[in-house]
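Data block below; observations after.
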Amino acid sequence: MMNQQLNGKSCSTESGAVDEPLSRIEGLDFTEGLYLAAGNRELYAAILSAFLTNNSDVVERVREACAVDDIVTATRLVHSLKGAAGTIGAIRLQETSRAAERALSDGEERVAEAEIQDIERLIAPLLSQLREALV
């Protein structure tokens, strides 16, 4: 039996026990994310940690790119976020990032800004809860 410590709690990979810290994170489909990591909890935790590190300031970077009319960079950042969100099981964030990417690509500034606001609304609690859950 393999155990992993997340926020001081042991997470059993046998018996189908629910991984409490991660399964309670708002906006994260733990079951989907774990499935995408081939059921490997250590790999999933590493992917979540990388997501946290790589996306902690993504909204700020997107807004900075938009402020200087660097739509290519803003689109690339949102595209990367879309893929990363899908990889961890953050489905709503993935869908919203897809919509933002489309709006940026189509030059729809108002729609893009609304989608970026939605990204911020979705990612802030996700990042905060990931920081707490990952030890």
Should [X] and [Y] be regarded as members of a common hydrophobic cluster, given that ILVMFWY residues are connected when their side-chain heavy atoms come within less than 4.5 Å of each other, either directly or indirectly?
X      : Y     : value
Leu52  : Ile91 : no
Ile47  : Phe30 : yes
Leu130 : Leu43 : yes

Specify the closest pair of heavy atoms between [X] and [Y], including all atoms of both residues, with the distance to one decimal.
X     : Y      : result
Leu28 : Ile88  : CD1-O, 3.1 Å
Gln94 : Lys82  : CG-O, 3.4 Å
Ala37 : Tyr44  : CB-CB, 3.8 Å
Val62 : Ile116 : CG1-CD1, 3.6 Å

From [X] [atom1] over to [Y] [atom2], what is the distance, rounded to the nearest 0.5 angstrom?
X     : Y      : atom1 : atom2 : answer
Ser97 : Glu101 : OG    : CD    : 8.5 Å
Leu34 : Leu36  : CG    : CG    : 9.0 Å
Asp57 : Leu127 : CG    : CG    : 9.5 Å
Asp29 : Leu22  : CG    : CG    : 12.0 Å

Check: [X] side chain, [Y] main-chain N or O, donor-acceptor pair, under 3.5 Å:
X      : Y      : result
Ser128 : Ala124 : no
Thr53  : Ser49  : yes
Asp70  : Thr73  : yes

Answer whether the closest heavy-atom distance between the side chains of [X] and [Y] falls below 4.5 Å.
X      : Y      : answer
Pro125 : Ile25  : no
Phe51  : Ile123 : yes
Glu115 : Arg110 : no
Gln129 : Pro21  : no
Glu26  : Leu126 : no
Cys66  : Leu104 : yes

- Please determine which of Ile119, Val59, Thr96, Asn54 meets the side-chain contact (heavy atoms from CB on, under 4.5 Å) test together with Leu81.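 So the option named by the test is Ile119.
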Can you name the residues that form a salt bridge (charged side-chain N to carboxylate O under 4.0 Å, His left out) with Glu113, not counting sequence neighbours?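 Glu113 satisfies salt bridge (charged side-chain N to carboxylate O under 4.0 Å, His left out) with Arg63 only.
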Check: Are more than 12 heavy atoms from other residues, nucleotides or ligands located less than 6.0 Å from atom CD of Glu109?
Finding: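 Counting neighbours around CD of Glu109, 12 or fewer heavy atoms of other residues, nucleotides or ligands fall under 6.0 Å, so no.
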